[in-house]
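Have a look at the structure below before the remarks.
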Amino acid sequence: MTTIKDIAKAAGVSITTVSRALNGYSDVNEKTRQKIIEIAKQLNYSPNTLARGLVMNKSKTIGLLVSGLTRESAKDNFTFEILSGVNQYVSEVDYDMVLFSTTSTKQREKTYTQLCRERRVDGAILQGIRIDDPYLQEVVESDIPCVLIDIPIESETVGYVTTDNVLGAKKAVRHLLALGHRDIAMINGYEYAFVSEQRLRGFCEALLEAEVPFREQLVADGAFKEEKAEQEALRLLTGYPEITAFFCASDLMALGAMKAIKKLGKRIPEDVALVGYDDIILASYTTPPLSTVAQNQFAMGYEAAKLLIEMLEGKATSHIKVLETELKVRESTFKNHE
């Protein structure tokens, strides 16, 4: 295996010069640098990333820390899309990525800083973290840069990427209101999710704008789970038969609500209309196809990685990135009779 000693010998320079040239130091003559790089290529030199990290105190590796990664979560594809976006950006800028999974229990056993130091990452992206998770307070206090997905906390070392969840929810509810629905129920996620708070706010604001009274009893928590959402939708439809539409804070919960509506012998959208949130792959394949608020999870991952690396390299002009959403109207709300 080629070492920098071999390159130094071939180039007729010192080992220190080779090291400084390959690591981008400005005190190396440009002509010498190019010569060293050319020889390194000819000799198929591959730098030892770990060794280089020890010398430069930087590993050029970022972590993607995912909480709540379960078999059920594979169905909504959210984490995979985020992962793909992160991976795409890090590969474009010659960084590496380490994926680690966590839970609230794990977070009490090992601190965020310990985890990052052990895995030798320069910074981390956190996805799926709850507002009440131990890591949330830690990342704010840690000196290790971090980008949060869907939690709006900003400091010198913390940034975030999200979509406009309030506006996204308003788009969904305004669509239902425009179709004449007034008795609209909402199946939200869970109490300690920032997106749940935001989407509930959008739901309330849209009703207020249309002068439709908000009825707290028509809002249920489905915990972002299909089965739980099905149970809650059954309970709501049985207890409040006047309901003619549902807004669900995720497509996975909308799938559960769809099952409940069908179980009660009701038709979609003639008896009960339904809008989800996310635009997961399954949304366009349901029967009928699901109207939903699309958010680009791949772009969220891509932008999170871009923001984190810009922060690490001191190039970030802002620590906040808010992406757009788009309402996709399909047959679960609107029957095309053409």
Side-chain angles (χ1 to χ4, degrees), residues 60-68 76-100 112 116 121-131 133 135-172 189 193-199 201-202 224 249-250 277-280 292-328:
K60 287 200 84 176
T61 302
I62 64 168
L64 174 59
L65 188 71
V66 178
S67 187
D76 69 13
N77 227 32
F78 196 97
T79 301
F80 177 75
E81 288 291 331
I82 296 280
L83 173 66
S84 301
V86 172
N87 185 57
Q88 177 65 37
Y89 188 77
V90 297
S91 61
E92 286 175 13
V93 292
D94 198 27
Y95 269 68
D96 290 316
M97 175 189 64
V98 175
L99 173 68
F100 29 88
Y112 166 74
C116 289
V121 296
D122 298 333
I125 295 165
L126 272 65
Q127 195 259 312
I129 295 288
R130 291 162 57 114
I131 295 169
D133 272 341
Y135 275 0
L136 200 55
Q137 190 54 42
E138 281 183 40
V139 297
V140 179
E141 293 164 359
S142 172
D143 60 346
I144 298 170
C146 150
V147 170
L148 299 162
I149 289 178
D150 277 337
I151 297 182
I153 295 175
E154 186 203 3
S155 72
E156 217 171 285
T157 54
V158 182
Y160 67 89
V161 174
T162 190
T163 57
D164 192 332
N165 287 282
V166 175
L167 182 57
K170 282 171 95 165
K171 286 176 186 174
F194 168 72
V195 296
S196 296
E197 292 175 2
Q198 296 291 290
R199 290 170 197 175
R201 194 178 126 200
F224 292 111
S250 79
Y277 205 108
D278 289 333
D279 196 26
I280 63 174
T292 185
V293 179
Q295 54 176 353
N296 190 334
Q297 296 105 324
F298 179 90
M300 289 172 83
Y302 187 91
E303 292 295 337
K306 185 179 180 187
L307 176 56
L308 179 60
I309 289 167
E310 283 176 353
M311 285 164 65
L312 290 169
E313 296 181 350
K315 296 174 185 172
T317 51
S318 166
H319 288 188
I320 301 167
K321 183 77 183 177
V322 181
L323 304 175
E324 293 297 311
T325 57
E326 182 193 349
L327 177 69
K328 297 273 183 85

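Across all their heavy atoms, Ala169 and Gly202 have their closest contact at CB-CA, 3.9 Å. Phe194 approaches Ile131 most closely through the heavy-atom pair N-CD1, 3.4 Å. Between Val322 and Asp164, the shortest heavy-atom distance links the atoms CG1-N, 3.8 Å. A pairwise comparison of heavy atoms in Phe224 and Ala193 identifies CE1-CB, 4.0 Å as the closest pair. Heavy-atom minimum distance, Glu313 versus Tyr95: OE2-OH, 3.0 Å. Shortest non-hydrogen contact noted between Leu327 and Ala172 is CD1-CA, 4.2 Å.
Asn165 contributes atom CG, which lies 6.0 Å from atom CD of Gln295 (distance to the nearest 0.5 angstrom). Note: Glu141 CD to Leu136 CG = 10.5 Å, rounded to the nearest 0.5 Å. Here Arg199 contributes atom CZ and Ser250 contributes atom OG; the two are 8.0 Å apart, rounded to the nearest 0.5 Å. The CG atom of Leu308 sits 10.0 Å away from atom NE2 of His319, with the distance rounded to the nearest 0.5 Å. To the nearest 0.5 Å, atom NZ of residue Lys328 and atom NZ of residue Lys171 are 11.5 Å apart. In this structure, CG in Asp279 is found 11.5 Å from CG in Asn77, a value given to the nearest 0.5 Å.
The number of heavy atoms from other shown groups lying within 6.0 Å of CD (Glu92) is above 12. Annotation for Lys321: atom NZ does not count as buried by contact number, only 12 or fewer foreign heavy atoms lying within 6.0 Å. Around the CZ atom of Phe100, the shell of radius 6.0 Å holds more than 12 heavy atoms that belong to other residues, nucleotides or ligands.
For the pair Ile82/Met300, a side-chain contact is recorded, criterion being any heavy-atom separation below 4.5 Å from C-beta on. At a threshold of 4.5 Å between non-hydrogen side-chain atoms, the residues Thr157 and Ser142 do not count as touching. No side-chain heavy atom of Ile151 sits under 4.5 Å from any side-chain heavy atom of Tyr160. The shortest distance between side-chain heavy atoms of Asp122 and Pro145 does not fall below 4.5 Å. Using a 4.5 Å heavy-atom threshold, the side chains of Phe80 and Gln297 count as separate. Val147 has its side chain out of reach of Glu303: every pair of non-hydrogen atoms, C-beta onward, lies at least 4.5 Å apart.
In this structure, Thr292 contributes its side chain and Ala294 its backbone to no donor-acceptor pair below 3.5 Å. Judged by distance alone, the side chain of Ser91 and the main-chain N or O of Asn87 form a donor-acceptor pair under 3.5 Å.
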- Task: Begin with the C-alpha distance, continue with both residues' side-chain angles, and end with the deciding distance and a verdict on side chain to side chain contact (heavy atoms under 4.5 Å, CB included) for Leu323 and Asn296.
- Result: CA-CA 8 Å; Leu323 304 175; Asn296 190 334; 5.6 Å; no
- Message: Between Val90 and Ile309, does the side chain to side chain contact (heavy atoms under 4.5 Å, CB included) criterion hold? Intermediate values first, please.
- Response: CA-CA 8 Å; Val90 297; Ile309 289 167; 4.1 Å; yes
- Task: Give the intermediate values and the outcome of side chain to side chain contact (heavy atoms under 4.5 Å, CB included) for residues Met97 and Tyr89.
- Result: CA-CA 10 Å; Met97 175 189 64; Tyr89 188 77; over 6 Å; no
- Query: What do the steps show when you test Ile62 against Val86 for side chain to side chain contact (heavy atoms under 4.5 Å, CB included), and what is the final call?
  - Reply: CA-CA 10 Å; Ile62 64 168; Val86 172; 4.2 Å; yes
